[in-house]
Structure formats: C-alpha cells, structure tokens
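Throughout, protein chains are lettered first and strands after them, A, B, ... in sequence-line order, and every chain is numbered starting at 1.
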2 protein chains.
Amino acid sequence: MEMPQTQLILESDASESSLTALETGVIDLFVNGVRVLGLPKSIGEIYGLLYISPEPLSFDEILSRLQISKGSTSQGLKILRSLGAVRAVYVAGARRDYFVAETELKKLVGGFIREELSPHLDSGTERLESIQSHLPDASEPDAQFFKDRVGKLGTWHKRTELLLPIIRKFLT
Amino acid sequence: MEMPQTQLILESDASESSLTALETGVIDLFVNGVRVLGLPKSIGEIYGLLYISPEPLSFDEILSRLQISKGSTSQGLKILRSLGAVRAVYVAGARRDYFVAETELKKLVGGFIREELSPHLDSGTERLESIQSHLPDASEPDAQFFKDRVGKLGTWHKRTELLLPIIRKFLT
DNA sequence: GGGTGAGTTCAAGAAATATTGAACAGAATA
DNA sequence: TATTCTGTTCAATATTTCTTGAACTCACCC
C-alpha cells in the first residue's frame, strides 16, 4: 500500500561495513524493487549486493558487509536460490559456499512466476470452483446477475493464466 | 411515565451480518487476490462485497455486513475509488452515497498500474540516475563490469516500462 | 572421539502495516 | 441557528511480517 520513499542511508558509524556508494545505490534500488514484489527487504539487500559484486561472495561476506544476521542471510539466500535468482558456485579449495547473482531477466521472472504467482493462481482455481458450487438456483431473483459475475471471474482467471507466459516471453 | 421498551438488540455475531456462502466465497477470492497485489485485506473485502452485489450498497451497509470499522470502510473506499475500482452512483432521493464495483478488467488494471506501479517505476528512474553518477572511473579495476551491470539495470527498467502497456492491452 | 567451521532452524523480539474508534467537519434538515 | 446525518481523519492499538541470535546439525579435520 503506500510508498515510503526509503532512502538507504549509510550508517554514520559505518566505518566498519563500508559499502561503496555504487553498492549502496544498487542495493537501494533492489530493496525498493522487491518491496513491490512483496518480498522482504533483506532479500533485496542480498540480491543487490551480489548483483553488483564482480566476485562470488561467501555467506560470511554477505552477512558482514550488509550487517544482517546469520538467520536473515541463510533464509534470504534460501529464498533467492528457490527463485533461481542466486546460484552457489564452486570455488576451488574452498570449504564455504560462494554465491553469485543470476542476471538473466527471463530466469528471474520465471522463478518469481513459478514460486510466487502460480501457487496463488492455483489456489484461485480451487476457490473459484467452490464459488461456482454456491451459485443460487436459476429461479432465485438475481440468479442471472450472480451467474454473470461469477462467469466473469472465470474469464479473468483464464486471462491471467494466459498473460504470464506472455510476460515471460516479452522479458526475454 | 412509560419506560420505552428497551429491546436489547443483539448485535454482533453472525446472526446479524450473515453473508451468503456465495458472498463469502467471492470475498475470500478477492481478499487473497489483493494480497498478491500488496493491498490490505479490507480492500479485498469491500471490493468483493460490491462485486457480487446486484444493488449499489451504502457506506453503512458495507460496514455492517462486513463488520469492519468506519475508518476502514472510509479508507478502503477512498483507495478503491482512487484505483478506479469502485464508483459512487447517484440514487434518487438518497442522502448517502451508494457504491458499485467497476468490473471492466482494463480499468482495474489501468488503475493499479497508474496508482501503484508507475510511481515505483518513476522512483526507480531517479535511483538509477543516482547510481549512474557513482560509476567508478574507467581506470578502476572492474570498471567494465560495473558499467555492464548498471547498464543492464537500465535495460530492465526500460523493458518494464514497455511491458506495462502491453499488459493493459492484453487484458482488454 | 573431540573440536571446529559452516550453515540451518525457530522461538522471541522488533519493525512495519492495518484496523479501530473517538473527535471532527460539512451538508442537509428542522 | 441548532440538530442530525454522513463520512473523514488520525492517534492509539492490534495484527502481521521480518529479523535476530542462540541452540542445533552436519561434515570435516586432528
């Protein structure tokens, strides 16, 4: 709802974490981006940092540069991986995992549709069926109105299902 | 002196509000729908009720059938009107306002894009400009990498701007 | 086995959002 | 003008969602 123009301000005692202005700007952009998508801020921070990082980053580097907790880092990376937005890469002789951002828009959009939108559409299908079973008998007053409106819901639903592949294709 | 017959009006519990199964189902669908869009539940409830109502409903009818507060009702209707999803209709000789749902998908999508998405895209434009101003000098190591990634952000942004009209058109 | 490094889990606390209701404002009646 | 009817505003409260950090698991090394 609302749009709090959050400007990511660098902590003043940030002597420690020190993100560059470029990094801060990119992270800020993604933090605001994921907001629109309904994802938590930490997801945007992590993705933003990886996006603008020339090298793969380890779990600890992410955590300490962003100054977020282990829990958020772990949870955030998990979700980003499930979205296909972040990938673990092999680094020779390293024990830890290293992560890089996936930057193919098609893949990002595909992951978001698969993980976040499609499940909702599916639950919508069930709800719609339930609604249809509650349509009043044709003899009831307004029966036609109800039938029309419920029918329109079905049309919207189908249209939305058709729209998703189009979006994916367009963003290729 | 006669005491007025004080009828204890038992207000509250479902005996009073009683939504039909059909209404409940439709409201449920919209409540879950607006969730995906990042709008509050009450918005979904109000729109759902109006959507499946054969007659325009007054402020008080909405409030009492949904059992939500005056504040939520007022605020919800305000937002729905700003989105173009609800319209006040004239009812002869009535003092109150009466409301109906707008059911043209194109209009709904257009309103959402205009009110919720475009402002974010605009703020993205500003943020992008700020980022570009922080690109390191070409002599810096990784300068090309940064330039590429920031360039890609610009491409994504433009593509998204192009996508919105396509979505609107498709959902006509 | 015992110790250490790396990451996950999840209950509790913090932060962000939504809802409520009482005070208010304006318009239509009386 | 006073009164009632309608709806709005907004500070306080409730609810939801995110983040934290301590306890835990698992794998590796000594």
*Asks:* Output yes when at least one side-chain N/O atom of A:Arg81 is less than 4.0 Å from OP1 or OP2 of C:dT8, else no.
*Replies:* yes

*Asks:* In whole Å, what is the span from the CG atom of B:Leu77 to the C1' atom of C:dA18?
*Replies:* 16 Å

*Asks:* For A:His134 and B:Ala21, work out which heavy atoms get closest and say how close.
*Replies:* ND1-CB, 3.6 Å

*Asks:* Does OP1 or OP2 of C:dG7 have a side-chain N or O of A:Ser74 closer than 4.0 Å?
*Replies:* no

*Asks:* Between the base of D:dG7 and the side chain of B:Lys70, is there any donor-acceptor pair under 3.5 Å?
*Replies:* yes

*Asks:* Take atom CG of A:Asp97 and atom P of D:dA27, then tell me their distance rounded to the nearest Å.
*Replies:* 13 Å

*Asks:* What integer distance in Å separates B:Ile62:CD1 from D:dT6:C1'?
*Replies:* 13 Å

*Asks:* When the distance from CD of A:Gln67 to P of D:dC18 is rounded to whole Å, what number comes out?
*Replies:* 22 Å

*Asks:* What closest approach, in Å, do A:Arg96 and A:Ser58 show between heavy atoms, and which atom pair accounts for it?
*Replies:* NH1-OG, 3.3 Å

*Asks:* Strictly below 4.0 Å: does B:Arg35 bring a side-chain N or O up to OP1 or OP2 of D:dT17?
*Replies:* yes

*Asks:* With a cut-off of less than 4.0 Å, is there a side-chain N or O of B:Arg95 near OP1 or OP2 of D:dT6?
*Replies:* no

*Asks:* Atom CD1 of A:Ile43 and atom P of D:dC18: how far apart are they, to the nearest Å?
*Replies:* 9 Å

*Asks:* Whole-Å distance between D:dT6 P and B:Lys78 NZ?
*Replies:* 21 Å

*Asks:* If I take atom CG from residue A:Leu50 and atom CD1 from residue A:Ile62, how far apart are they, to the nearest 0.5 angstrom?
*Replies:* 4.5 Å

*Asks:* If I compare all heavy atoms of A:Ile52 with all of B:Arg149, which pair ends up nearest, and what's the gap?
*Replies:* CD1-CB, 3.9 Å

*Asks:* What integer distance in Å separates B:Phe59:CZ from D:dT8:C1'?
*Replies:* 8 Å

*Asks:* Just call it for B:Ser42: base, sugar-phosphate, or nothing, with non-hydrogen atoms closer than 4.0 Å on any strand.
*Replies:* sugar-phosphate

*Asks:* Under 4.0 Å between any heavy atoms, over every strand shown, what does B:Ile68 touch: base, sugar-phosphate, or nothing? Just pick one.
*Replies:* sugar-phosphate

*Asks:* On a heavy-atom basis, which atom in A:Ile27 and which in A:Glu45 lie closest, and how many Å separate them?
*Replies:* CG2-CA, 3.8 Å

*Asks:* Within this structure, what is the NZ-to-C1' distance between A:Lys41 and C:dA16, rounded to whole angstrom?
*Replies:* 11 Å

